[in-house]
Amino acid sequence: MIKEQYFPQEIEKKWQKEWEETKFGKTYDDSEKPKYYALSMFPYPSGKLHMGHVRNYTITDVIARFKKMHGFNVLHPIGWDSFGLPAENAAIQHGESPEKWTDENISYMKMQLKRLGLMYDWDREVATCKPDYYKWTQWLFLQLYKKGLAYKKEAAVNWCDKCATVLANEQVIDGKCWRCDSVVEKKYLSQWFLKITDYAEQLLADIDKLEGWPDSVKIMQKNWIGKSHGAILKFKVKEIDGMEIPVYTTRPDTVYGITYLVVAPEYKDIEKLTTPEQKQAVEEYRANARKMTEIERLSTERVKTGVPLGTHAINPFNGEEFPLWTADYALVEYGTGAVMAVPTHDERDFDFAKKYNLPLKVVIQNPENPSECKDSAYTEPGILVNSGEFNGMDNESAKKAITEKAVKEGYGEFKTQYRLRDWLISRQRYWGAPIPIVYCEKCGPQPVPEDQLPVKLPEDVDFKVTGKSPILTSKTFLETTCPVCGGKATRETDTMDTFICSSWYYLRYSDAKNANAPFSKELVNKWLPVDQYVGGIEHAILHLLYSRFFTKALKDLGLLDFDEPFKNLLTQGMVLKDGSKMSKSKGNTVDPDEIFENYGADTARLFILSDSPPARDFDWSDAGVEGCYKFLNRVWRLYASMQENIVFDYKLPDVSALSKENNALLRQTHISIKGITSDISNEFQFNTVISKYREFTNAIYEYIGKKDSFSDEDKNVLSFALITLLKLMAPTTVHMSEALWHEIGGRGSIHETQWPQYDEKLAKTADITLVVQVNGKVKDKIEVDAESSKEDLEKHALASEKIKQFTAGKEIVKIIVVPGRLVNIVVK
RNA sequence: GCCCUGGUGGCGGAAUCGGUAGACGCGACGGACUUAAAAUCCGUUCAGGCUCACCCCUGGUGCCAGUUCAAGUCUGGCUCAGGGCACCA
């Protein structure tokens with residue numbers, strides 16, 4: 001007997017226990033069914049789930065279950081991105097080890113995930129901070145190292161003093177640390193890098209292959225890679241024999257307009273290029289630039305400063321001489337660190353020239369509207385003037401012609417440039433995967449032999465040290481022996497950026513228990529690429545670009561056979577409350593535990609999917625939760641009150657023989673299957689799916705309301721509707737559907753049944769409302785048979801009394817008939 | 001400054017290929033049931049007008065034009081909001 005009242009906690013506990021004991025989410029590699037890999041971005045174990053997690057994992061879970069009911073062998077794993085700074089901070093504050101803190105968080109959050117009813121294959125769970133995982137992170141690093149894709153160099157790095165570590169460019173936001181918000185400084189250190197720039201072209205070109213990705217993410221990645229076409233041009237220095245300054249430009253067509261040349265303050269030859277008279281001023285300027293933090297440099301924005309070096313360069317095209325300057329608007333990391341300045345056709349150069357009274361020379365003109373470039377630079381296309389042999393040429397052709405001349409005469413070349421820079425992965429922190437390198441006095445840096453992996457984190461460390469990595473306080477970690485000569489050696493003490501750990505975890509799930517390799521080639525090729533990846537937009541650049549890079553690099557290493565990891569990507573919106581992002585500091589968070597406690601997981605799942613499409617932001621409302629809870633109660637009562645009328649093995653008579661009500665309910669059932677199936681298939685529009693659950697439920701209630709008693713025919717049609725509704729809701733309200741399924745006589749799990757099929761002919765109503773317009777305005781609505789022909793529709797329309805009023809005495813110019821929808825009569 | 005996304009009732013949001021704008025829900029209001037409350041059920045709910053005969057008329061999807069028998073949907077221009085990038089030569 002179905003209880004009269006819905007007790008979510010009771011049924012959820014029961015079924016969660018059942019699923020746990022039977023390992024319901026377990027996936028087998030040897031299934032005959034086609035594979036489907038559904039993946040959520042794995043969480044950082046910060047302590048407790050927040051609503052963003054709930055949203056993310058519910059979306060993926062519904063997709064996974066939907067696919068399972070469609071006969072796929074679904075892989076739906078979860079794990080923990082468990083290295084990172086908060087664990088270390090907790091160690092400093094509470095004296096707990098980062099490992100203990102992390103483990104406690106994982107076990108709590110794991111309990112919450114189970115409470116949410118998520119169908120995971122827990123046998124494939126991974127945690128990046130465990131030696132059996134980071135062993136392979138280290139191993140992969142070594143493969144990249146051997147391929148020349150990991151290297152060390154002295155570099156000006158972004159330094160966060162509070163975190164006492166280096167940050168990648170991607171982790172500096174508005175000149176501040178992405179994690180702790182403190183101001184980032186420049187510091188020179190020897191650091192490990194991954195050569196992501198080797199893959200710039202591939203990463204860019206393959207974006208076009210990503211048909212299942214949102215355009216916004218693709219464009220962000222394109223901009224980040226930042227490809228441009230141009231030329232390298234070399235300028236001789238008048239005062240110094242044999243000295244040349246190469247510049248990168250996208251505007252070789254403007255070379256005749258150069259009036260000065262700028263090098264970055266950090267330019268390598270800057271001291272040589274400075275005359276004794278200018279030495280002091282240049283030194284001061286450079287010292288100042290060095291001191292300046294990123295944020296100060298940004299805050300000076302468009303006010304450009306610089307000092308002349310005293311020397312001059314010669315334009316090889318026309319022999320003109322112009323002065324050399326240094327200015328911090330030239331960036332040492334981009335291009336060659338030197339810029340040819342054409343103030344008439346570049347806004348930055350224009351501002352600078354105006355400030356320092358440098359000459360202007362127009363070389364590109366719009367023939368219809370020639371400009372003197374007195375007030376602003378002209379950066380649009382035009383015709384070349386004052387440009388010697390190139391006069392009269394359009395500037396696009398001139399780019400090519402001028403570069404060709406430079407190539408021929410030996411002072412230039414074509415050049416493609418990228419903004420993307422190599423990935424700085426060194427972190428002076430404890431809680432990360434140690435970089436598996438040792439330094440021998442005799443043999444230099446050496447990779448740790450693979451049979452000695454993992455290089456484990458030491459436990460004898462003092463977390464309270466400041467200004468250096470806690471790892472340096474270990475007495476056991478540092479000293480080791482050289483794998484080549486057996487002599488004394490010291491270990492690398494930097495750990496890897498956690499983004500490395502998360503750049504390959506989705507591969508590990510395919511073979512999570514493998515003790516001999518990060519994954520077997522066979523299994524990784526079987527399961528990957530991920531069919532549907534779901535996560536927050538905040539990872540649009542960092543994580544997704546790094547993962548793409550890893551996949552491509554590992555393919556080149558022969559470890560796998562595909563070159564893109566994520567076939568389809570869904571970037572879910574944020575969870576807001578009262579219009580702003582949920583955050584502890586704002587005090588507008590909602591604790592998932594409270595929702596589970598008060599309403600149950602099914603209500604939480606239903607609500608988090610209900611109000612907005614997944615890609616948009618979701619505004620949390622307590623009233624909305626209440627509404628979903630009421631709806632589930634309503635559904636429960638429906639089954640409780642109809643239990644005795646449900647025929648589990650129902651048989652449907654032919655439609656033509658059905659009563660009007662039964663005909664309508666049967667059709668409504670097919671309409672619901674069709675609508676819900678297509679809403680999920682098309683961009684996962686769960687908000688409309690849930691509307692359709694409600695519409696279907698309302699229709700069933702309406703049907704029941706008309707009946708005093710139920711005939712056999714009624715019971716069969718009603719049973720078809722009720723069993724179908726239960727299945728359609730199963731991926732969303734996983735516990736309630738399972739519980740009711742068993743109450744009405746279902747065998748096995750409802751989650752292993754087949755998704756309902758609809759009959760196209762029956763997935764529409766028997767009658768339609770025909771809209772009749774006159775001159776495009778609705779004038780009448782008529783109920784007609786859905787199968788009516790065009791001619792019949794036209795007849796119906798013209799026969800309408802209302803329509804006659806509007807057409808009387810007027811000439812009918814034409815009649816447009818849209819079958820199944822409307823008739824529009826055009827009159828004059 | 002550049003790039004992306006979006007603008008529909010009091011609110012969240014629906015609306016295949018251009019074809020009834022406002023599905024579904026929240027909130028609000030009115031009613032039924034009840035000694036009462038909760039729960040539940042029924043009804044109303046874009047704006048303005050008309051008669052309040054609850055029938056009908058007019059306007060309406062950020063703004064201004066255009067294409068079309070027909071525009072929330074297509075085209076051009078503008079505007080506002082959110083996000084991303086930001087001296088990349």
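Throughout, a chain's letter reflects where its sequence line sits, starting with A, and its residues are numbered from 1.
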Using the P atom on both, measure B:rU40 against B:rG25 and round to a whole Å.
14 Å
Atom-to-atom span, NZ of A:Lys779 to P of B:rC69 - whole angstrom:
18 Å
Look at A:Ser612 and B:rG13 and indicate whether a side-chain polar atom (N or O) is within less than 4.0 Å of OP1 or OP2.
yes
Could you tell me the Watson-Crick or G-U partner of B:rC78, where both distances fall under 3.5 Å? Say none if there is no partner.
B:rG62
Provide, to the nearest angstrom, the distance between the NZ atom belonging to A:Lys630 and the P atom belonging to B:rC24.
17 Å
To the nearest angstrom, the CD1-C1' distance between A:Ile258 and B:rA89 comes to 11 Å
Base orientation of B:rG9, chi within 90° of 0 counted as syn, else anti, reads syn
Quick one: does any side-chain atom of A:His345 pair with a main-chain N or O of A:Tyr378 as donor and acceptor, under 3.5 Å?
yes
Between A:Val263 and A:Leu261, is any pair of side-chain heavy atoms under 4.5 Å apart?
yes
Listed nucleotide nearest any side-chain atom of A:Thr769, set B:rG19, B:rA89, B:rU20:
B:rU20
Side chain of A:Trp224: nearest nucleotide among B:rA86, B:rC24, B:rA89?
B:rA86
So what's B:rA14 paired with, Watson-Crick or G-U wobble, going by both distances under 3.5 Å?
none
Short side-chain N/O contact to B:rG12 OP1/OP2 from A:Asn687, under 4.0 Å:
no
Nucleotide of B:rC24, B:rU20, B:rC4 approaching A:Ser216 most closely (side-chain heavy atoms):
B:rC4
Apply the syn/anti split at 90° from 0 to B:rC52 and say which one it is.
anti
Roughly how far apart, to the nearest Å, are B:rC57 and B:rG22 at atom P?
15 Å
Taking only the P atom of each, what is the distance from B:rU5 to B:rG60 in whole angstrom?
29 Å
So, OP1 or OP2 of B:rC24: does either fall under 4.0 Å of a side-chain N or O from A:Tyr693?
no
Among the candidates B:rA89, B:rA14, B:rG19, find the nucleotide nearest to the side-chain atoms of A:Ser228.
B:rA89
Separation of atom CE in A:Met574 from atom P in B:rG12, rounded to whole Å
15 Å
Please find the pair of heavy atoms, one from A:Ala353 and one from A:Leu360, that lie closest to each other, and give the distance.
CB-CD2, 4.1 Å
Nucleotide nearest A:Arg616 when distance is taken to its side chain, options B:rA14, B:rU58, B:rG12:
B:rA14
Which of the following nucleotides, B:rA14, B:rG12, B:rA89, is nearest to the side chain of A:Thr249?
B:rA89
Listed nucleotide nearest any side-chain atom of A:Arg821, set B:rG13, B:rG12, B:rU16:
B:rU16
Partner of B:rU45 by Watson-Crick or G-U wobble geometry, both contacts under 3.5 Å, or none?
B:rG27
Need one value for A:Pro613: base, sugar-phosphate or nothing, where a base atom within 4.0 Å counts as base even if backbone is also close, heavy atoms only.
sugar-phosphate
Between B:rC69, B:rC87, B:rC4, which one does the side chain of A:Ile219 approach most closely?
B:rC4
A:Thr58 (side chain) donor-acceptor with A:Arg55 (main chain) under 3.5 angstrom:
no
Any Lys/Arg nitrogen of A:Arg251 or A:Asp346 sitting under 4.0 Å from an Asp/Glu carboxylate oxygen of the other?
no
Could you state the CD-C1' distance from A:Glu683 to B:rA14, rounded to the nearest angstrom?
16 Å
Using purine N1 to pyrimidine N3 plus N6-O4 or O6-N4 for Watson-Crick, or N1-O2 and O6-N3 for G-U wobble, both under 3.5 Å, which nucleotide pairs with B:rA71?
none
Less than 4.0 angstrom between a side-chain N/O of A:Lys814 and OP1 or OP2 of B:rC69, yes or no?
yes
May I ask you to decide whether A:Asp208 forms a salt bridge with A:Lys222, counting only side-chain N to carboxylate O separations under 4.0 Å?
yes
Return the nearest nucleotide to the side chain of A:Gln773; candidates are B:rA23, B:rG19, B:rA14.
B:rG19
Judged by atom type as modelled, is there a donor-acceptor pair below 3.5 Å linking the side chain of A:Tyr701 to the main-chain atoms of A:Arg634?
yes
Separation of A:Glu695 atom CD from B:rA23 atom C1', in whole Å?
6 Å
Can the ring centroids of A:Trp423 and A:Phe499 be said to lie less than 6.0 angstrom from one another?
no
Report yes if a donor N or O on one partner sits less than 3.5 Å from an acceptor N or O on the other, where the partners are the side chain of A:Lys304 and the base of B:rC87; otherwise report no.
yes
Please state the P separation for the pair B:rC78 and B:rC4 - nearest whole angstrom.
14 Å
Would you mind reporting whether A:Asp679 and A:Ile676 have side-chain heavy atoms less than 4.5 Å apart?
no
Round to the nearest Å and state the distance from A:Asp619 atom CG to B:rG82 atom C1'.
14 Å
Indicate, with a heavy-atom threshold strictly under 4.0 Å, whether A:Arg694 touches base, sugar-phosphate, or nothing.
sugar-phosphate
Mind checking the C1' distance from B:rA14 to B:rG72? Whole angstroms is fine.
12 Å
Using the P atoms only, state how far B:rU8 lies from B:rG13, rounded to an integer number of Å.
9 Å
With a 4.0 Å cut-off on heavy atoms, is A:Asn824 in touch with a base, just the backbone sugar-phosphate, or nothing at all?
base
Distance between P atoms of B:rC11 and B:rG18 (Å, rounded)
29 Å
Respond yes when some side-chain nitrogen or oxygen of A:Arg637 is under 4.0 Å from OP1 or OP2 of B:rC41, and no when none is.
yes
Starting at the 5' end of RNA chain B and moving along, which residue's nearest nucleotide shows up first, A:Val818 or A:Ser610?
A:Ser610
Would you mind telling me which of B:rC87, B:rG27, B:rC24 lies closest to the side-chain atoms of A:Ala623?
B:rG27
Any A:Asn698 side-chain N or O less than 4.0 Å from OP1/OP2 of B:rA23
no
Pick the C1' atom in B:rU68 and in B:rG19, then give their distance to the nearest Å.
12 Å
Does B:rA36 have a Watson-Crick or wobble partner in any strand here, with both distances under 3.5 angstrom, and which is it?
none
Do A:Met51 and A:Phe618 touch side chain to side chain, with heavy atoms closer than 4.5 Å?
no
Check this one for me: any side-chain N or O of A:Gln685 less than 4.0 Å away from OP1 or OP2 of B:rA15?
yes
With nearest nucleotides of RNA chain B determined for A:Val771 and A:Lys692 from heavy-atom distances, which residue corresponds to the more 5′ nucleotide?
A:Val771
note: A:Lys781, atom NZ; B:rA21, atom C1'; distance rounded to Å ~ 11 Å
Name the pairing partner of B:rG22, where a pair is Watson-Crick or G-U wobble with both distances under 3.5 Å, or state none.
none
